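Because the structure is a prediction, the values reported are computed rather than measured. Just so we're on the same page: letters track the sequence lines, and every chain starts at 1. Because only heavy atoms are used, hydrogens play no part in the values below, and waters and symmetry mates are left out as well, while side chains stay in.
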Amino acid sequence: MSAETRVPSATADPRLTVEAVDAGFPTSTGDHHLPVLDGVSLTVEPGEFVSIIGPSGSGKSTLLHVIGGLVTPEHGRVLLDDEDITATRGHISYMPQQPALLPWRSVLRNVLLARELAGIRTSESVQEARDWLTRTGLDGFADAYPRTLSGGMQQRVAFLRALLAPQRVMLLDEPFSALDALTRAGMQRWLLRLWEETRRSVLFITHNIEEALLLSDTVYVLSERPARVVRRLDVPFTRPRRDEVVDDPAFIALRRELTDLLATTSEAR
Amino acid sequence: MSVSSSRVRAARTAGRRTLAPVLVAIALLAVWEAAVRIFDVPAWMLPAPSAIATELVQQAPRLGEDVAATGQLTLVGFALGSATGVLVAAVLHLVRPLKDAVYPLLILSQNVPTIALAPLLVVWFGFGMTPKLVIIVLMCFFPVAVAAMDGLRGADRAIADYLRMSGSSHWTIFRVLEVPGSLPSVFSGLKIAATYAVMSAVIAEWVGSDKGLGHYLLLQKSAFRADRMFVAIVVIVIASLLLFGLIVSAERRLTRWRGPRER
Ligand SMILES: Nc1ncnc2c1ncn2[C@@H]1O[C@H](COP(=O)(O)OP(=O)(O)OP(=O)(O)O)[C@@H](O)[C@H]1O
Ligand SMILES: [Mg+2]
(Lines give C-alpha, C1' and ligand atoms only; values in the text may rest on other atoms or scores of the structure.)
(Ligands and ions follow the chains in the order given, each with its own letter.)
Protein backbone atom coordinates (compact mmCIF):
# COMPACT_ATOMS: atom_id res chain seq x y z
CA MET A 1 0.00 0.00 0.00
CA SER A 2 1.11 3.51 -0.74
CA ALA A 3 1.39 4.69 2.84
CA GLU A 4 3.95 2.02 3.73
CA THR A 5 6.44 3.12 1.12
CA ARG A 6 6.72 6.49 2.81
CA VAL A 7 6.92 5.55 6.48
CA PRO A 8 10.54 5.46 7.56
CA SER A 9 11.25 4.92 11.24
CA ALA A 10 10.06 7.97 13.15
CA THR A 11 13.60 8.79 14.19
CA ALA A 12 14.50 9.63 10.59
CA ASP A 13 12.34 12.75 10.79
CA PRO A 14 14.09 15.97 11.75
CA ARG A 15 13.02 18.13 14.66
CA LEU A 16 11.78 21.58 13.62
CA THR A 17 12.72 24.39 15.96
CA VAL A 18 11.71 28.03 15.70
CA GLU A 19 13.86 30.17 17.98
CA ALA A 20 12.73 33.64 19.13
CA VAL A 21 11.70 34.82 15.69
CA ASP A 22 10.90 38.48 15.08
CA ALA A 23 9.50 39.39 11.69
CA GLY A 24 7.65 42.27 10.09
CA PHE A 25 6.93 44.12 6.90
CA PRO A 26 7.45 47.64 5.69
CA THR A 27 4.11 49.49 5.72
CA SER A 28 2.60 50.58 2.43
CA THR A 29 3.85 54.13 3.01
CA GLY A 30 7.32 52.60 3.28
CA ASP A 31 8.69 54.73 6.13
CA HIS A 32 7.27 52.58 8.93
CA HIS A 33 7.59 49.00 10.00
CA LEU A 34 4.72 46.65 10.78
CA PRO A 35 5.81 44.12 13.41
CA VAL A 36 4.06 40.78 12.86
CA LEU A 37 5.98 38.15 14.87
CA ASP A 38 7.36 39.04 18.29
CA GLY A 39 9.80 36.49 19.65
CA VAL A 40 7.93 33.38 18.58
CA SER A 41 9.48 30.06 19.61
CA LEU A 42 8.13 26.59 19.09
CA THR A 43 9.21 23.03 18.49
CA VAL A 44 7.81 20.21 16.39
CA GLU A 45 9.32 16.93 17.59
CA PRO A 46 9.86 14.10 15.10
CA GLY A 47 6.46 12.63 14.30
CA GLU A 48 4.60 15.20 16.37
CA PHE A 49 1.35 16.91 15.38
CA VAL A 50 1.45 20.56 16.46
CA SER A 51 -1.34 23.09 15.97
CA ILE A 52 -1.27 26.86 16.03
CA ILE A 53 -4.41 28.82 16.76
CA GLY A 54 -4.65 32.57 16.84
CA PRO A 55 -6.85 35.47 15.79
CA SER A 56 -7.18 36.34 12.13
CA GLY A 57 -4.36 38.57 10.94
CA SER A 58 -2.15 37.73 13.89
CA GLY A 59 0.70 36.37 11.77
CA LYS A 60 0.11 32.62 11.49
CA SER A 61 0.69 32.44 7.73
CA THR A 62 3.68 34.73 8.12
CA LEU A 63 5.16 32.27 10.63
CA LEU A 64 4.93 29.49 8.03
CA HIS A 65 6.50 31.81 5.46
CA VAL A 66 9.42 32.39 7.83
CA ILE A 67 9.86 28.64 8.37
CA GLY A 68 9.72 28.05 4.60
CA GLY A 69 12.32 30.75 3.91
CA LEU A 70 9.97 33.04 2.03
CA VAL A 71 10.19 35.77 4.67
CA THR A 72 13.54 36.53 6.30
CA PRO A 73 13.18 37.14 10.05
CA GLU A 74 14.84 40.16 11.64
CA HIS A 75 15.93 38.08 14.63
CA GLY A 76 15.88 34.44 15.55
CA ARG A 77 16.53 31.20 13.76
CA VAL A 78 14.78 28.25 12.17
CA LEU A 79 16.44 24.86 12.67
CA LEU A 80 15.91 21.39 11.24
CA ASP A 81 17.69 19.25 13.83
CA ASP A 82 20.98 21.15 14.12
CA GLU A 83 20.96 22.62 10.65
CA ASP A 84 20.20 26.34 10.45
CA ILE A 85 17.68 26.73 7.61
CA THR A 86 16.75 30.36 8.30
CA ALA A 87 15.88 32.12 5.01
CA THR A 88 16.63 29.02 2.92
CA ARG A 89 13.97 27.19 0.95
CA GLY A 90 12.94 23.75 -0.11
CA HIS A 91 13.23 22.04 3.28
CA ILE A 92 9.55 21.66 4.08
CA SER A 93 6.37 20.39 2.50
CA TYR A 94 3.79 23.15 2.34
CA MET A 95 0.09 23.57 1.84
CA PRO A 96 -0.73 27.25 1.37
CA GLN A 97 -3.89 28.96 2.63
CA GLN A 98 -5.18 29.39 -0.94
CA PRO A 99 -4.97 26.14 -2.90
CA ALA A 100 -2.56 27.75 -5.43
CA LEU A 101 -3.03 25.05 -8.06
CA LEU A 102 -1.70 25.48 -11.58
CA PRO A 103 -4.88 26.07 -13.62
CA TRP A 104 -3.47 24.52 -16.80
CA ARG A 105 -2.51 21.25 -15.14
CA SER A 106 -4.87 18.40 -14.46
CA VAL A 107 -5.63 17.50 -10.87
CA LEU A 108 -3.28 14.51 -11.11
CA ARG A 109 -0.39 16.58 -12.44
CA ASN A 110 -0.98 19.17 -9.71
CA VAL A 111 -0.81 16.47 -7.05
CA LEU A 112 2.49 15.30 -8.54
CA LEU A 113 3.97 18.82 -8.71
CA ALA A 114 5.87 18.74 -5.41
CA ARG A 115 7.60 15.50 -6.43
CA GLU A 116 8.32 16.84 -9.88
CA LEU A 117 9.94 19.95 -8.34
CA ALA A 118 12.14 17.62 -6.31
CA GLY A 119 13.13 15.80 -9.50
CA ILE A 120 11.11 12.66 -8.75
CA ARG A 121 9.13 11.32 -11.71
CA THR A 122 8.23 7.69 -11.45
CA SER A 123 5.30 5.57 -12.45
CA GLU A 124 4.94 4.55 -8.79
CA SER A 125 4.37 8.21 -7.98
CA VAL A 126 1.53 8.32 -10.49
CA GLN A 127 -0.03 5.19 -9.04
CA GLU A 128 0.35 6.51 -5.51
CA ALA A 129 -1.25 9.84 -6.49
CA ARG A 130 -4.17 8.00 -8.09
CA ASP A 131 -4.63 5.91 -4.94
CA TRP A 132 -4.76 9.03 -2.80
CA LEU A 133 -7.23 10.74 -5.13
CA THR A 134 -9.49 7.74 -4.70
CA ARG A 135 -9.10 7.76 -0.92
CA THR A 136 -10.03 11.47 -0.76
CA GLY A 137 -13.11 11.09 -2.92
CA LEU A 138 -11.51 12.69 -5.95
CA ASP A 139 -11.43 9.67 -8.24
CA GLY A 140 -12.93 10.64 -11.56
CA PHE A 141 -11.33 14.08 -11.27
CA ALA A 142 -7.72 13.04 -11.93
CA ASP A 143 -7.80 14.46 -15.45
CA ALA A 144 -10.05 17.47 -14.72
CA TYR A 145 -8.79 21.05 -14.62
CA PRO A 146 -8.82 22.71 -11.16
CA ARG A 147 -11.42 25.31 -12.22
CA THR A 148 -14.01 22.55 -12.51
CA LEU A 149 -13.56 21.64 -8.80
CA SER A 150 -15.27 23.16 -5.77
CA GLY A 151 -13.21 25.13 -3.25
CA GLY A 152 -13.14 22.20 -0.85
CA MET A 153 -12.02 19.78 -3.57
CA GLN A 154 -9.23 22.18 -4.57
CA GLN A 155 -8.07 22.24 -0.95
CA ARG A 156 -7.92 18.47 -0.93
CA VAL A 157 -5.78 18.53 -4.07
CA ALA A 158 -3.42 21.04 -2.46
CA PHE A 159 -3.32 18.83 0.63
CA LEU A 160 -2.41 15.74 -1.41
CA ARG A 161 0.30 17.72 -3.20
CA ALA A 162 1.83 18.48 0.21
CA LEU A 163 1.32 14.91 1.41
CA LEU A 164 3.23 13.48 -1.56
CA ALA A 165 6.07 15.99 -1.22
CA PRO A 166 9.36 14.30 -0.32
CA GLN A 167 10.17 16.73 2.53
CA ARG A 168 9.36 15.20 5.90
CA VAL A 169 7.96 18.18 7.83
CA MET A 170 4.52 19.33 6.67
CA LEU A 171 3.26 22.88 7.13
CA LEU A 172 -0.51 23.05 6.65
CA ASP A 173 -2.18 26.48 6.55
CA GLU A 174 -5.87 26.07 7.40
CA PRO A 175 -6.32 23.03 5.17
CA PHE A 176 -10.03 22.59 5.89
CA SER A 177 -11.22 26.20 5.98
CA ALA A 178 -13.23 25.95 2.73
CA LEU A 179 -15.18 22.88 3.82
CA ASP A 180 -18.66 22.69 5.28
CA ALA A 181 -18.95 21.35 8.85
CA LEU A 182 -19.86 17.82 7.79
CA THR A 183 -17.13 17.38 5.20
CA ARG A 184 -14.75 19.05 7.59
CA ALA A 185 -15.49 16.54 10.32
CA GLY A 186 -14.98 13.78 7.77
CA MET A 187 -11.65 15.21 6.64
CA GLN A 188 -10.50 15.66 10.25
CA ARG A 189 -11.23 12.03 11.01
CA TRP A 190 -9.52 11.04 7.81
CA LEU A 191 -6.43 13.15 8.58
CA LEU A 192 -6.33 11.75 12.11
CA ARG A 193 -6.30 8.14 10.83
CA LEU A 194 -3.80 8.99 8.14
CA TRP A 195 -1.48 10.78 10.52
CA GLU A 196 -1.66 8.03 13.11
CA GLU A 197 -0.64 5.63 10.32
CA THR A 198 2.25 7.70 8.98
CA ARG A 199 3.37 9.81 11.98
CA ARG A 200 4.81 12.57 9.93
CA SER A 201 5.82 15.83 11.63
CA VAL A 202 3.01 18.32 11.09
CA LEU A 203 2.62 22.00 11.89
CA PHE A 204 -1.04 22.79 11.45
CA ILE A 205 -2.74 26.19 11.43
CA THR A 206 -6.41 26.49 12.26
CA HIS A 207 -9.04 28.83 13.64
CA ASN A 208 -10.96 25.89 14.99
CA ILE A 209 -10.24 25.05 18.64
CA GLU A 210 -11.97 21.69 18.57
CA GLU A 211 -10.06 20.70 15.45
CA ALA A 212 -6.77 21.63 17.13
CA LEU A 213 -7.57 19.62 20.26
CA LEU A 214 -8.83 16.63 18.33
CA LEU A 215 -5.79 16.30 16.08
CA SER A 216 -2.79 17.61 18.02
CA ASP A 217 -0.19 16.52 20.51
CA THR A 218 0.62 20.15 21.26
CA VAL A 219 -1.32 23.39 20.70
CA TYR A 220 0.25 26.84 20.60
CA VAL A 221 -2.00 29.86 21.05
CA LEU A 222 -0.86 33.10 19.47
CA SER A 223 -1.84 36.62 20.49
CA GLU A 224 -3.08 39.41 18.26
CA ARG A 225 -0.51 40.99 15.98
CA PRO A 226 2.38 41.28 16.74
CA ALA A 227 2.03 37.59 17.57
CA ARG A 228 3.55 36.13 20.73
CA VAL A 229 3.00 32.62 22.05
CA VAL A 230 0.53 33.15 24.91
CA ARG A 231 0.06 29.49 25.75
CA ARG A 232 1.61 26.13 24.99
CA LEU A 233 -0.71 23.23 25.75
CA ASP A 234 0.05 19.51 25.85
CA VAL A 235 -3.04 17.62 24.72
CA PRO A 236 -3.37 14.70 27.15
CA PHE A 237 -5.59 12.30 25.18
CA THR A 238 -4.16 8.98 24.12
CA ARG A 239 -3.64 7.74 20.59
CA PRO A 240 -5.28 6.42 18.57
CA ARG A 241 -7.94 9.00 19.34
CA ARG A 242 -11.54 7.97 19.18
CA ASP A 243 -14.15 10.32 17.70
CA GLU A 244 -15.93 10.34 21.09
CA VAL A 245 -13.00 12.10 22.70
CA VAL A 246 -14.81 15.39 21.95
CA ASP A 247 -17.44 14.41 24.55
CA ASP A 248 -14.84 13.73 27.24
CA PRO A 249 -15.25 16.22 30.14
CA ALA A 250 -11.51 16.94 30.04
CA PHE A 251 -11.79 17.77 26.33
CA ILE A 252 -14.73 20.09 26.99
CA ALA A 253 -12.84 21.81 29.79
CA LEU A 254 -9.79 22.38 27.59
CA ARG A 255 -12.00 23.71 24.78
CA ARG A 256 -13.63 26.14 27.23
CA GLU A 257 -10.23 27.27 28.49
CA LEU A 258 -8.85 27.92 25.01
CA THR A 259 -12.04 29.71 23.93
CA ASP A 260 -11.77 32.06 26.90
CA LEU A 261 -8.08 32.57 26.29
CA LEU A 262 -8.66 33.52 22.66
CA ALA A 263 -11.50 35.82 23.62
CA THR A 264 -9.30 37.71 26.09
CA THR A 265 -6.37 38.02 23.68
CA SER A 266 -8.78 39.43 21.09
CA GLU A 267 -10.28 41.90 23.59
CA ALA A 268 -6.88 43.08 24.70
CA ARG A 269 -6.25 45.10 21.56
CA MET B 1 -24.69 16.75 -18.57
CA SER B 2 -23.02 15.13 -21.53
CA VAL B 3 -20.18 16.72 -23.45
CA SER B 4 -22.03 16.52 -26.74
CA SER B 5 -25.14 18.31 -25.45
CA SER B 6 -23.03 21.15 -24.04
CA ARG B 7 -21.24 21.35 -27.35
CA VAL B 8 -24.50 21.57 -29.24
CA ARG B 9 -25.62 24.33 -26.91
CA ALA B 10 -22.33 26.20 -27.40
CA ALA B 11 -22.69 25.92 -31.17
CA ARG B 12 -26.24 27.23 -30.96
CA THR B 13 -25.24 30.31 -28.93
CA ALA B 14 -22.33 30.90 -31.31
CA GLY B 15 -24.78 30.67 -34.22
CA ARG B 16 -27.11 33.17 -32.59
CA ARG B 17 -24.22 35.50 -31.90
CA THR B 18 -23.01 35.56 -35.52
CA LEU B 19 -26.50 35.80 -37.05
CA ALA B 20 -27.22 39.41 -36.03
CA PRO B 21 -24.04 41.03 -37.41
CA VAL B 22 -24.39 39.04 -40.64
CA LEU B 23 -27.94 40.38 -41.07
CA VAL B 24 -26.72 43.94 -40.45
CA ALA B 25 -23.92 43.51 -43.02
CA ILE B 26 -26.40 42.23 -45.62
CA ALA B 27 -28.69 45.19 -44.91
CA LEU B 28 -25.80 47.65 -45.34
CA LEU B 29 -24.81 46.07 -48.65
CA ALA B 30 -28.42 46.29 -49.82
CA VAL B 31 -28.59 50.02 -48.94
CA TRP B 32 -25.29 50.58 -50.76
CA GLU B 33 -26.53 48.73 -53.85
CA ALA B 34 -29.84 50.62 -53.87
CA ALA B 35 -28.18 54.01 -53.36
CA VAL B 36 -25.74 53.48 -56.25
CA ARG B 37 -28.61 52.50 -58.56
CA ILE B 38 -31.09 55.17 -57.46
CA PHE B 39 -28.63 58.09 -57.54
CA ASP B 40 -26.80 56.73 -60.57
CA VAL B 41 -23.37 57.07 -58.94
CA PRO B 42 -20.62 56.74 -61.57
CA ALA B 43 -18.69 53.45 -61.30
CA TRP B 44 -15.24 55.15 -61.14
CA MET B 45 -16.38 56.81 -57.95
CA LEU B 46 -18.34 54.13 -56.11
CA PRO B 47 -19.18 50.82 -57.79
CA ALA B 48 -22.16 48.77 -56.59
CA PRO B 49 -21.47 45.67 -54.47
CA SER B 50 -22.81 43.50 -57.29
CA ALA B 51 -20.32 45.05 -59.72
CA ILE B 52 -17.48 44.48 -57.25
CA ALA B 53 -18.55 40.84 -56.86
CA THR B 54 -18.58 40.29 -60.63
CA GLU B 55 -15.18 41.95 -60.95
CA LEU B 56 -13.83 39.79 -58.11
CA VAL B 57 -14.82 36.64 -59.96
CA GLN B 58 -13.23 37.90 -63.19
CA GLN B 59 -10.02 39.10 -61.55
CA ALA B 60 -9.57 36.07 -59.33
CA PRO B 61 -7.34 34.08 -61.75
CA ARG B 62 -4.87 36.92 -62.29
CA LEU B 63 -4.75 37.87 -58.58
CA GLY B 64 -3.10 34.61 -57.54
CA GLU B 65 0.46 35.84 -57.92
CA ASP B 66 -0.19 39.07 -56.01
CA VAL B 67 -1.99 37.27 -53.21
CA ALA B 68 0.90 34.81 -52.93
CA ALA B 69 3.45 37.63 -52.76
CA THR B 70 1.57 39.60 -50.10
CA GLY B 71 0.68 36.42 -48.20
CA GLN B 72 4.30 35.32 -48.05
CA LEU B 73 5.45 38.75 -46.94
CA THR B 74 2.74 38.83 -44.26
CA LEU B 75 3.41 35.38 -42.86
CA VAL B 76 7.20 35.71 -42.76
CA GLY B 77 6.99 39.19 -41.23
CA PHE B 78 4.37 38.13 -38.69
CA ALA B 79 6.32 35.03 -37.66
CA LEU B 80 9.62 36.91 -37.36
CA GLY B 81 8.09 39.87 -35.54
CA SER B 82 6.10 37.77 -33.07
CA ALA B 83 8.98 35.41 -32.36
CA THR B 84 11.29 38.34 -31.69
CA GLY B 85 8.63 39.91 -29.48
CA VAL B 86 8.23 36.80 -27.34
CA LEU B 87 11.99 36.26 -27.13
CA VAL B 88 12.79 39.85 -26.16
CA ALA B 89 10.00 39.79 -23.58
CA ALA B 90 11.40 36.60 -22.04
CA VAL B 91 14.96 37.96 -21.88
CA LEU B 92 13.86 41.28 -20.39
CA HIS B 93 11.69 39.45 -17.87
CA LEU B 94 14.52 37.19 -16.76
CA VAL B 95 17.17 39.94 -16.62
CA ARG B 96 15.61 42.45 -14.28
CA PRO B 97 18.11 45.36 -14.67
CA LEU B 98 17.83 45.11 -18.44
CA LYS B 99 14.06 45.33 -18.19
CA ASP B 100 14.17 48.40 -15.95
CA ALA B 101 16.35 50.11 -18.54
CA VAL B 102 14.54 49.01 -21.70
CA TYR B 103 10.84 48.58 -20.86
CA PRO B 104 9.96 52.30 -20.60
CA LEU B 105 11.68 52.92 -23.94
CA LEU B 106 9.73 50.04 -25.46
CA ILE B 107 6.44 51.61 -24.34
CA LEU B 108 7.54 55.02 -25.60
CA SER B 109 8.66 53.69 -28.94
CA GLN B 110 5.15 52.43 -29.58
CA ASN B 111 4.35 56.06 -30.34
CA VAL B 112 6.73 56.07 -33.31
CA PRO B 113 4.57 55.74 -36.43
CA THR B 114 6.31 52.72 -37.88
CA ILE B 115 4.66 53.24 -41.27
CA ALA B 116 6.33 56.63 -41.51
CA LEU B 117 9.68 54.86 -41.36
CA ALA B 118 8.91 53.04 -44.60
CA PRO B 119 10.47 55.54 -47.06
CA LEU B 120 13.55 55.74 -44.84
CA LEU B 121 13.84 51.95 -44.81
CA VAL B 122 13.79 51.94 -48.61
CA VAL B 123 16.68 54.38 -48.56
CA TRP B 124 18.60 52.06 -46.23
CA PHE B 125 17.70 48.66 -47.64
CA GLY B 126 16.73 49.27 -51.27
CA PHE B 127 13.67 47.85 -53.00
CA GLY B 128 14.04 44.17 -52.14
CA MET B 129 12.14 42.12 -49.62
CA THR B 130 14.16 43.47 -46.66
CA PRO B 131 12.63 46.94 -46.08
CA LYS B 132 9.11 45.52 -46.36
CA LEU B 133 9.87 42.73 -43.93
CA VAL B 134 11.40 45.19 -41.49
CA ILE B 135 8.20 47.24 -41.45
CA ILE B 136 6.00 44.21 -40.73
CA VAL B 137 8.41 42.86 -38.13
CA LEU B 138 8.41 46.21 -36.35
CA MET B 139 4.62 46.46 -36.48
CA CYS B 140 4.15 42.96 -35.05
CA PHE B 141 7.00 43.10 -32.56
CA PHE B 142 5.70 45.75 -30.17
CA PRO B 143 2.21 44.48 -29.34
CA VAL B 144 3.53 40.95 -28.86
CA ALA B 145 6.51 42.02 -26.73
CA VAL B 146 4.45 44.24 -24.46
CA ALA B 147 1.64 41.69 -24.07
CA ALA B 148 4.10 38.87 -23.36
CA MET B 149 5.90 40.94 -20.76
CA ASP B 150 2.64 41.86 -19.02
CA GLY B 151 1.64 38.20 -19.09
CA LEU B 152 4.94 37.04 -17.58
CA ARG B 153 4.78 39.69 -14.87
CA GLY B 154 1.17 38.95 -14.01
CA ALA B 155 1.82 35.44 -12.68
CA ASP B 156 -0.29 34.35 -9.72
CA ARG B 157 1.38 35.46 -6.45
CA ALA B 158 0.05 32.61 -4.31
CA ILE B 159 1.36 29.98 -6.73
CA ALA B 160 4.71 31.76 -7.00
CA ASP B 161 4.97 31.77 -3.18
CA TYR B 162 4.15 28.08 -3.07
CA LEU B 163 6.82 27.30 -5.65
CA ARG B 164 9.40 29.41 -3.84
CA MET B 165 8.66 27.78 -0.47
CA SER B 166 9.11 24.44 -2.20
CA GLY B 167 12.60 25.47 -3.23
CA SER B 168 12.04 26.32 -6.91
CA SER B 169 14.65 28.38 -8.72
CA HIS B 170 13.81 31.48 -10.79
CA TRP B 171 14.16 29.34 -13.86
CA THR B 172 11.76 26.68 -12.59
CA ILE B 173 9.17 29.33 -11.71
CA PHE B 174 9.59 30.78 -15.20
CA ARG B 175 9.13 27.39 -16.83
CA VAL B 176 6.37 25.96 -14.63
CA LEU B 177 4.33 29.07 -13.83
CA GLU B 178 5.18 32.21 -15.78
CA VAL B 179 5.42 30.87 -19.32
CA PRO B 180 2.16 28.89 -19.34
CA GLY B 181 0.43 31.65 -17.38
CA SER B 182 1.42 34.27 -19.95
CA LEU B 183 -0.20 32.42 -22.87
CA PRO B 184 -3.58 34.20 -22.76
CA SER B 185 -1.84 37.56 -22.75
CA VAL B 186 0.58 36.52 -25.53
CA PHE B 187 -2.39 35.49 -27.65
CA SER B 188 -4.09 38.87 -27.26
CA GLY B 189 -0.81 40.41 -28.47
CA LEU B 190 -0.68 37.98 -31.39
CA LYS B 191 -4.24 38.87 -32.39
CA ILE B 192 -3.38 42.57 -32.53
CA ALA B 193 -0.20 41.76 -34.46
CA ALA B 194 -2.17 39.60 -36.92
CA THR B 195 -4.48 42.48 -37.82
CA TYR B 196 -1.47 44.78 -38.25
CA ALA B 197 0.47 42.27 -40.33
CA VAL B 198 -1.64 42.16 -43.51
CA MET B 199 -2.28 45.88 -43.43
CA SER B 200 1.38 46.78 -43.04
CA ALA B 201 2.36 44.34 -45.81
CA VAL B 202 0.06 46.18 -48.23
CA ILE B 203 1.36 49.58 -47.17
CA ALA B 204 4.94 48.35 -47.43
CA GLU B 205 4.20 47.35 -51.01
CA TRP B 206 2.98 50.87 -51.79
CA VAL B 207 6.34 52.22 -50.84
CA GLY B 208 8.21 50.06 -53.27
CA SER B 209 7.21 46.87 -54.98
CA ASP B 210 6.43 45.43 -58.39
CA LYS B 211 4.04 42.76 -57.14
CA GLY B 212 1.57 42.07 -54.35
CA LEU B 213 -1.85 43.45 -53.46
CA GLY B 214 -0.39 46.84 -52.55
CA HIS B 215 1.16 47.13 -55.99
CA TYR B 216 -2.11 45.99 -57.58
CA LEU B 217 -4.00 48.69 -55.65
CA LEU B 218 -1.66 51.41 -56.92
CA LEU B 219 -1.99 50.16 -60.53
CA GLN B 220 -5.79 50.22 -60.36
CA LYS B 221 -5.76 53.65 -58.74
CA SER B 222 -3.87 55.17 -61.68
CA ALA B 223 -6.36 53.43 -64.01
CA PHE B 224 -9.34 54.88 -62.03
CA ARG B 225 -10.69 51.36 -61.52
CA ALA B 226 -12.52 51.81 -58.23
CA ASP B 227 -14.19 48.42 -58.66
CA ARG B 228 -10.84 46.67 -58.78
CA MET B 229 -9.56 48.66 -55.82
CA PHE B 230 -12.55 47.32 -53.91
CA VAL B 231 -11.68 43.82 -55.13
CA ALA B 232 -8.23 44.26 -53.57
CA ILE B 233 -9.78 45.52 -50.33
CA VAL B 234 -12.11 42.50 -50.16
CA VAL B 235 -9.16 40.15 -50.66
CA ILE B 236 -7.14 41.96 -47.97
CA VAL B 237 -10.02 41.70 -45.49
CA ILE B 238 -10.38 37.98 -46.20
CA ALA B 239 -6.63 37.42 -45.74
CA SER B 240 -6.71 39.33 -42.43
CA LEU B 241 -9.65 37.31 -41.18
CA LEU B 242 -7.94 34.06 -42.15
CA LEU B 243 -4.79 34.91 -40.19
CA PHE B 244 -6.87 36.09 -37.24
CA GLY B 245 -8.91 32.88 -37.33
CA LEU B 246 -5.72 30.85 -37.35
CA ILE B 247 -4.51 32.58 -34.18
CA VAL B 248 -7.88 32.19 -32.46
CA SER B 249 -8.00 28.47 -33.18
CA ALA B 250 -4.45 28.03 -31.86
CA GLU B 251 -5.48 29.99 -28.77
CA ARG B 252 -8.51 27.75 -28.21
CA ARG B 253 -6.32 24.69 -28.45
CA LEU B 254 -3.60 25.94 -26.10
CA THR B 255 -5.71 27.64 -23.43
CA ARG B 256 -8.48 25.10 -23.06
CA TRP B 257 -7.92 25.14 -19.30
CA ARG B 258 -9.38 28.64 -19.04
CA GLY B 259 -12.93 27.63 -19.75
CA PRO B 260 -15.32 29.48 -22.07
CA ARG B 261 -16.32 32.24 -19.63
CA GLU B 262 -12.83 33.67 -19.20
CA ARG B 263 -12.00 33.82 -22.89
N1 LIG C 1 3.84 40.23 2.14
C2 LIG C 1 3.33 41.06 3.08
N3 LIG C 1 3.59 42.39 3.02
C4 LIG C 1 3.09 43.23 3.95
N5 LIG C 1 2.33 42.85 4.97
C6 LIG C 1 2.03 41.55 5.08
C7 LIG C 1 2.51 40.58 4.15
N8 LIG C 1 2.04 39.36 4.50
C9 LIG C 1 1.31 39.57 5.62
N10 LIG C 1 1.31 40.87 5.98
C11 LIG C 1 0.63 41.44 7.15
O12 LIG C 1 0.98 40.66 8.26
C13 LIG C 1 -0.13 40.48 9.13
C14 LIG C 1 -0.32 39.00 9.42
O15 LIG C 1 -0.72 38.34 8.22
P16 LIG C 1 -0.90 36.77 8.16
O17 LIG C 1 -1.34 36.43 6.79
O18 LIG C 1 0.32 36.13 8.67
O19 LIG C 1 -2.11 36.53 9.20
P20 LIG C 1 -2.86 35.18 9.56
O21 LIG C 1 -2.71 34.98 11.03
O22 LIG C 1 -2.43 34.09 8.68
O23 LIG C 1 -4.37 35.58 9.25
P24 LIG C 1 -5.57 34.65 8.73
O25 LIG C 1 -5.97 33.79 9.88
O26 LIG C 1 -6.64 35.63 8.38
O27 LIG C 1 -5.06 33.89 7.58
C28 LIG C 1 -1.31 41.14 8.47
O29 LIG C 1 -1.53 42.38 9.08
C30 LIG C 1 -0.87 41.34 7.05
O31 LIG C 1 -1.41 42.52 6.54
MG1 LIG D 1 -3.28 33.04 7.18
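Taking both residues in full, the closest heavy atoms of A:Pro96 and B:Tyr162 are given as CD-CD1, 3.9 Å, listed atom of the first, atom of the second, then distance. Of all non-hydrogen atoms in B:Arg258 and A:Arg147, the two that sit nearest each other are C-NE, 3.5 Å. In this structure, A:Leu101 and B:Ile159 approach most closely via the heavy-atom pair O-CD1, 3.2 Å. Taking all atoms of both residues into account, the shortest heavy-atom contact from B:Met165 to A:Ile92 is O-CD1, 4.1 Å. Nearest heavy-atom pair, A:Gln98 versus B:Ala158, reported as atom, atom and distance to 0.1 Å: OE1-CB, 3.5 Å.
Annotation: maximal heavy-atom pairing with chain B below 4.5 Å, among A:Ala114, A:Gly69, A:Ala100, A:Ala158, occurs at A:Ala100. In terms of heavy-atom pairs under 4.5 angstrom with chain A, the leader among B:Ser168, B:Ser169, B:Ala160, B:Gly167 is B:Gly167. The greatest number of non-hydrogen atom pairs below 4.5 Å with chain A, out of B:Asp156, B:Asp161, B:Thr172, is found for B:Asp161. When A:Glu116, A:Gln167, A:His65 are compared by the number of non-hydrogen pairs under 4.5 Å with chain B, A:His65 comes out ahead.
Counted within 6.0 Å of CG on B:Asp100, heavy atoms from surrounding residues, nucleotides or ligands total more than 12; the atom is thus considered enclosed. Other residues, nucleotides and ligands place no more than 12 heavy atoms under 6.0 Å from the OH atom of B:Tyr196. With a 6.0 Å radius and a threshold of 12 heavy atoms from other residues, nucleotides or ligands, A:His207 has its NE2 atom above the threshold. Atom NE2 of B:His170 has 12 or fewer heavy atoms from other residues, nucleotides or ligands within 6.0 Å. Applying the 6.0 Å contact sphere to CD of B:Gln72 captures no more than 12 heavy atoms from other residues, nucleotides or ligands.
For residues 180-193 of chain B, a heavy-atom distance under 4.5 Å to chain A picks out B:Pro180, B:Gly181, given by residue number.
Cation-pi geometry between B:Arg164 and A:Tyr94 is not met at under 6.0 angstrom from the ring centre and within 45 degrees of the axis.
If you measure heavy-atom distances from A:Leu113 to chain B, the contacts under 4.5 Å come from the side chain alone. For A:Gln97, no part sits under 4.5 Å from any heavy atom of chain B, backbone or side chain.
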